[in-house]
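Each ligand, and each atom within it, is numbered from 1 in the order the structure gives.
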Amino acid sequence: MSIRIGIMGYGNLGRGVECAIRNSEDAELVAVFTRRDPKMVDILTPNVPVYSVDQAISKKDDIDVLILCGGSATDLPVQTPKFAEYFNVVDSFDTHAKIPEHFANVDAAAKKGGKVGVISVGWDPGMFSLNRLYANAVLPKGQDYTFWGKGVSQGHSDAIRRIDGVKDARQYTIPVESALEAVRSGETPELTTRQKHTRECFVVAEEGADLERIEREIKTMPNYFADYDTTVHFITEEEMKRDHSTLPHGGFVIRSGKTGWDLEHTHIIEYSLKLDSNPEFTSSVILAYARAAYRLNQEGQSGCKTAFDIAPAYLSAQSGEELRAHLL
Ligand code: NDP
């Protein structure tokens, strides 16, 4: 029997979840919900209805897990607790500082409805968090390093687009190779923001715009660029379309730890991701956790869970017996 999935919100992640379902053995898409006019939202899967968000609760008995694909800034803090009372839900909430508050809100709603709400799964938070936890548990004496990129940062790209005279922009975050190498070699350097990542910006300017001013405004933008070595390239609209239309990302989680009576031995644990498509990968992680949410709820569990609370076997479409025979 396949797990009946609903998608709430149809942007990059919504489409990614749809692709992940197509490539899975045990999930089927049964409905998509949107805040826009459903007639204006074209999905990829044939013969699956698109409904208005207002109709969602009336479909609760037809859906095993509702996957929330809205944005972390304003959509998920409202939508995840709201729907966790009626559905098993999964989201990819990535505002790290607000995860405890989000957890509490989703936990209360999910417990009230007897459902499971899995929050903040994707790659960071998500797979990176899991790898940080495993490495810390195994090597308590040590230091963590997370490097992001090379990849597109949507938030930084948006920040450039808001500058006067900018038509379009794409920002890549790039780890500094020498810092990565130092960490991999077993050194445990204290790295400043500037020493860990650089930022590369590709900008399409409006005709006649003052390019020097735009470049200065980017490089001095507090919180976003001022603390980094930033390069700015002005390109044409055609070049933007040709060379920068996908959303690659990735990164490295490294723990450098010591063991031995006098901590004389060094161990490096490294987990890395090189993603052609950030939303498609994130959505694939989300679908694995949707399977877990469904199974946990079938077992009678309710409340909010993060990646830390869910045993790995719940993520796999294979049975425990198959996993022990082939992957252990
Ligand atoms: P999008 O901006 O593509 O989509 C967000 C929402 O905006 C959609 O659910 C949709 O809601 C609405 N929307 C999408 N396209 C349009 C449009 N053309 N016009 C009007 N509204 C539109 O965001 P992403 O899918 O790229 O990302 C969602 C969140 O995922 C991010 O905010 C980020 O926090 C999180 N994320 C987490 C990761 C992790 O590792 N944990 C990694 C990557 C992302 P509706 O259909 O209701 O209008």
Side-chain angles (χ1 to χ4, degrees), residues 5-20 29 31-45 48-56 66-80 82-83 89-99 102-103 106 117-132 146-149 151-159 161 168 170-171 173 245-253 271-290 305-308 310:
I5 304 281
I7 293 175
M8 172 65 66
Y10 195 74
N12 295 315
L13 281 192
R15 207 170 304 109
V17 169
E18 203 181 2
C19 295
L29 181 64
V32 171
F33 301 96
T34 181
R35 290 161 297 181
R36 288 166 282 163
D37 176 354
K39 287 197 287 297
M40 306 305 286
V41 175
D42 277 329
I43 66 167
L44 302 167
T45 317
V48 166
V50 180
Y51 297 111
S52 160
V53 61
D54 304 327
Q55 295 168 274
L66 182 66
I67 297 183
L68 296 159
C69 297
S72 289
T74 53
D75 298 340
L76 299 177
V78 178
Q79 289 184 332
T80 313
K82 175 174 173 187
F83 291 110
V89 294
V90 185
D91 79 15
S92 67
F93 185 71
D94 70 356
T95 314
H96 291 255
K98 292 191 177 159
I99 289 175
H102 190 54
F103 184 96
V106 175
V118 179
I119 62 158
S120 302
V121 291
W123 59 283
D124 197 2
M127 301 308 289
F128 273 16
S129 325
L130 272 183
N131 280 278
R132 283 188 286 258
T146 302
F147 293 87
W148 293 276
V152 174
S153 161
Q154 302 271 49
H156 287 76
S157 303
D158 289 344
R161 279 190 216 106
D168 198 3
R170 199 70 90 251
Q171 193 272 177
T173 305
S245 58
T246 57
L247 294 170
H249 219 315
F252 307 83
V253 169
Y271 177 77
S272 88
L273 292 172
K274 291 173 195 64
L275 313 175
D276 257 3
S277 162
N278 175 358
E280 286 180 15
F281 180 80
T282 302
S283 302
S284 301
V285 178
I286 291 176
L287 187 63
Y289 277 97
K305 317 264 177 210
T306 70
F308 293 161
I310 296 173

*Asks:* Compare Asp37, Ile7, Asp94, Thr282 and give the one whose heavy atom is closest to atom 42 (C) of ligand 1.
*Replies:* Thr282
*Asks:* Going through the distances and angles, do Asp276 and Phe281 end up as a side-chain contact (heavy atoms from CB on, under 4.5 Å)?
*Replies:* CA-CA 8 Å; Asp276 257 3; Phe281 180 80; over 6 Å; no
*Asks:* Is ligand 1 under 4.0 Å from a heavy atom in the side chain of Ser120, in the backbone, in both, or in neither?
*Replies:* neither
*Asks:* If I take atom CG from residue Leu130 and atom CD1 from residue Ile310, how far apart are they, to the nearest 0.5 angstrom?
*Replies:* 9.5 Å
*Asks:* Checking a contact table here: which protein heavy atom is nearest atom 19 (N) of ligand 1, and how many Å away?
*Replies:* Arg36 NH1, 3.6 Å
*Asks:* Can you tell me how far the CD1 atom of Ile43 sits from the CG atom of Leu29, to the nearest 0.5 Å?
*Replies:* 5.5 Å
*Asks:* Touching ligand 1 at all, Gly70? Heavy atoms, strictly under 4.0 Å?
*Replies:* yes
*Asks:* Pro125 versus ligand 1: do any nitrogen or oxygen atoms come within less than 3.5 Å of each other?
*Replies:* yes
*Asks:* Under 4.0 Å from atom 2 (O) of ligand 1, is there at least one protein heavy atom?
*Replies:* no
*Asks:* Would Asp75 count as being in polar contact with ligand 1, using the rule that some N or O on each side must be under 3.5 angstrom apart?
*Replies:* no
*Asks:* Please write down residue, atom name and distance for the protein heavy atom closest to atom 11 (O) of ligand 1.
*Replies:* Arg35 NH2, 2.9 Å
*Asks:* Distance-only, no hydrogens or angles: does the Asp91 side chain make a donor-acceptor pair with backbone N or O of Ser120 under 3.5 Å?
*Replies:* yes
*Asks:* So which atom in Pro77 and which in Gly71 form the shortest heavy-atom distance, rounded to 0.1 Å?
*Replies:* CD-O, 4.4 Å
*Asks:* Between the side chain of Ser72 and the main-chain N/O of Asp94, is any donor-acceptor distance below 3.5 Å?
*Replies:* yes
*Asks:* Using a strict 4.0 Å threshold on nitrogen-to-oxygen distance, state whether Arg170 and Asp158 make a salt bridge.
*Replies:* no
*Asks:* Identify, for atom 4 (O) of ligand 1, the protein heavy atom at the shortest distance, and state residue, atom and that distance.
*Replies:* Gly11 CA, 3.7 Å
*Asks:* Identify the heavy atoms of Val50 and Pro38 that sit nearest to each other, and give their distance.
*Replies:* O-CB, 3.4 Å
*Asks:* Take Tyr10 and Glu18 through the test side-chain contact (heavy atoms from CB on, under 4.5 Å) and record every step on the way to the result.
*Replies:* CA-CA 9 Å; Tyr10 195 74; Glu18 203 181 2; 2.4 Å; yes
*Asks:* Nearest protein heavy atom to atom 37 (C) of ligand 1, by residue and atom, and its distance?
*Replies:* Ser92 O, 3.3 Å
*Asks:* Would you check whether Leu13 has a nitrogen or oxygen atom less than 3.5 angstrom from a nitrogen or oxygen atom of ligand 1?
*Replies:* yes
*Asks:* Run down the list Gly155, Ser72, Cys69 and name the one with the heavy atom closest to atom 5 (C) of ligand 1.
*Replies:* Cys69
*Asks:* Any nitrogen or oxygen of Asn278, side chain or backbone, less than 3.5 Å from one on ligand 1?
*Replies:* no
*Asks:* To check your reading of the model: name the closest protein heavy atom to atom 40 (O) of ligand 1, its residue, and the distance in Å.
*Replies:* Trp123 N, 2.8 Å
*Asks:* Does any N/O atom on Thr34 come nearer than 3.5 Å to any N/O atom on ligand 1?
*Replies:* yes
*Asks:* From Leu273 CG over to Phe128 CZ, what is the distance, rounded to the nearest 0.5 angstrom?
*Replies:* 4.5 Å
*Asks:* Within ligand 1, which atoms have a heavy atom of Gly9 less than 4.0 Å away?
*Replies:* 9 (O), 11 (O), 45 (P), 46 (O), 47 (O)
*Asks:* Going by the atom numbers of ligand 1, which of them fall below 4.0 Å from some non-hydrogen atom of Gly122?
*Replies:* 39 (C), 40 (O), 41 (N)
*Asks:* Compare all side-chain heavy atoms of Thr306 with those of Phe103 and state whether any distance is below 4.5 angstrom.
*Replies:* yes
*Asks:* Considering only the protein, which heavy-atom contact is closest to atom 23 (O) of ligand 1, and what is its distance?
*Replies:* Asn12 ND2, 4.4 Å
